[in-house]
J.: 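Got a structure here, written out as structure tokens. Questions coming.
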Amino acid sequence: TILIKNSSSSNVLTLDDISYPLQNLKIIETCIASPLPSSNKRLDVSKLISQGEHESLEFKSSLRFDRHSRAVNRELEKSVLKTIAAFLNSKGGSVIIGVGDAGELIGVESDYQTLKHRNSDGFENHFTQIFNSAIGPEFRQLAKLRFHKIGERDVCVVDVAPSARPAYLKFDDVEHFYIRTGNVSTPLKLSEVESYVRSRWPRWS
């Protein structure tokens with residue numbers, strides 16, 4: 001059982017019959033200590049793009065539509081999820097989809113056209129499906145999507161909070177582990193993962 005108290009209220013939220021309560025409590029504590037930025041604290045997306053890519057910000061031109069082949073490319077989805085997994089395992093960050101490497105505005109309208117529901121709702125639904133399959137639904141609440149229109153283009157910002165436990169990326173029944181090093185998402189070898197997890201999440205080692 002986990003009891004959650006609000007300092008501004010006398011109410012107590014009780015979570016009964018929680019598996020691994022100490023581990024789940026750690027996740028709750030992390031979310032409280034490092035919440036996703038509230039809307040009034042978020043930088044204007046245009047200003048965010050003007051920063052260029054860095055340790056906690058990466059641009060992706062598309063979620064799944066390949067502008068060169070003019071078709072859906074699953075490798076693009078893997079690339080987006082790889083960055084998100086790296087942010088989960090590091091200090092968090094944001095991925096802006098619909099922006100090129102140099103900060104050029106592309107938009108996600110071409111992604112919309114590849115989906116059953118050709119709008120932001122369809123985009124988020126598809127994102128959730130591939131996220132849950134590759135990373136796991138237990139991490140989904142740590143990745144928040146918000147859509148912004150810049151001129152005539154839609155872009156999607158994925159704000160990722162740091163995870164309280166290791167997040168593995170699974171493709172084709174093979175698990176991968178990524179962290180953020182500078183402005184790059186870096187894969188770790190099995191021996192390196194063990195050492196990193198031990199130092200990053202002592203409770204999970």
Side-chain angles (χ1 to χ4, degrees), residues 27 30-31 34-39 42-43 45 48-49 53 56-101 103-150 152-180 185 187:
I27 295 175
T30 298
C31 290
S34 304
L36 291 169
S38 59
S39 58
R42 289 171 179 156
L43 283 175
V45 177
L48 197 59
I49 294 172
E53 294 181 311
S56 59
L57 179 65
E58 184 156 324
F59 303 148
K60 297 294 183 183
S61 60
S62 171
L63 176 65
R64 64 200 308 257
F65 181 78
D66 191 322
R67 291 185 298 150
H68 301 290
S69 66
R70 310 298 297 176
V72 171
N73 184 346
R74 302 293 182 187
E75 293 300 316
L76 297 177
E77 294 179 344
K78 291 181 182 180
S79 178
V80 171
L81 294 173
K82 178 180 72 175
T83 301
I84 292 172
F87 283 147
L88 286 168
N89 290 324
S90 303
K91 299 178 181 179
S94 296
V95 181
I96 305 182
I97 305 172
V99 175
D101 291 339
E104 68 273 23
L105 186 62
I106 296 170
V108 294
E109 285 77 11
S110 293
D111 282 325
Y112 290 166
Q113 298 307 308
T114 68
L115 302 169
K116 180 179 180 180
H117 300 290
R118 300 178 178 182
N119 52 34
S120 59
D121 287 339
F123 185 102
E124 184 159 3
N125 288 339
H126 181 74
F127 174 88
T128 297
Q129 288 179 349
I130 62 174
F131 183 103
N132 290 352
S133 175
I135 299 177
E138 65 272 27
F139 296 98
R140 180 62 180 85
Q141 78 275 10
L142 299 177
K144 304 295 185 182
L145 274 63
R146 49 191 174 107
F147 295 86
H148 295 267
K149 185 171 288 293
I150 302 178
E152 298 181 353
R153 300 291 186 184
D154 285 357
V155 298
C156 175
V157 181
V158 186
D159 294 310
V160 185
S163 174
R165 65 187 185 87
Y168 291 84
L169 190 64
K170 187 176 183 180
F171 288 121
D172 302 322
D173 294 324
V174 178
E175 288 188 333
H176 307 270
F177 189 88
Y178 290 91
I179 64 171
R180 198 72 175 167
S185 298

J.: Can you list the residues that meet the salt bridge (charged side-chain N to carboxylate O under 4.0 Å, His left out) rule with Asp173, with sequence neighbours excluded?
T.: none
J.: Side chain of Arg64, backbone of Thr114: donor and acceptor closer than 3.5 Å?
T.: yes
J.: Verify side chain to side chain contact (heavy atoms under 4.5 Å, CB included) between Cys156 and Val158, making sure each step is shown before the conclusion.
T.: CA-CA 6 Å; Cys156 175; Val158 186; 4.1 Å; yes
J.: As an exercise, state the distance from CZ of Arg180 to CG of Leu57, rounded to the nearest 0.5 Å.
T.: 8.0 Å
J.: Between Phe123 and Tyr112, what is the ring plane arrangement, given parallel below 30°, perpendicular above 60°, and tilted in between?
T.: perpendicular
J.: Tell me every residue that passes side chain to side chain donor-acceptor pair (under 3.5 Å) with Asp111, counting only those two or more places apart in sequence or in another chain.
T.: Ser62
J.: Would you call Leu63 and Ile130 a side-chain contact if the rule is heavy atoms closer than 4.5 Å?
T.: yes
J.: Just to verify, what does Thr83 make a side chain to side chain donor-acceptor pair (under 3.5 Å) with, not counting sequence neighbours?
T.: Glu58
J.: Is any side-chain heavy atom of Phe59 less than 4.5 Å from a side-chain heavy atom of Glu104?
T.: no
J.: Only counting residues at least two apart or in another chain, list the ones meeting side chain to side chain contact (heavy atoms under 4.5 Å, CB included) with Glu124.
T.: Thr128, Arg140, Leu145, Phe147
J.: Considering residues, nucleotides and ligands other than Glu152, do more than 12 of their heavy atoms fall under 6.0 Å from its CD?
T.: no
J.: Is any side-chain heavy atom of Leu81 closer than 4.5 Å to one of Phe171?
T.: yes
J.: Going by the rule side chain to side chain contact (heavy atoms under 4.5 Å, CB included), which residues pair with Glu75 if we only count those two or more places apart in sequence or in a different chain?
T.: Asn73, Lys78
J.: So, using side chain to side chain contact (heavy atoms under 4.5 Å, CB included) as the criterion, who are the partners of Lys82 when residues are at least two apart?
T.: Leu169, Tyr178, Ser185
J.: Is there a donor-acceptor contact under 3.5 Å linking the side chains of Lys91 and Ser56?
T.: no
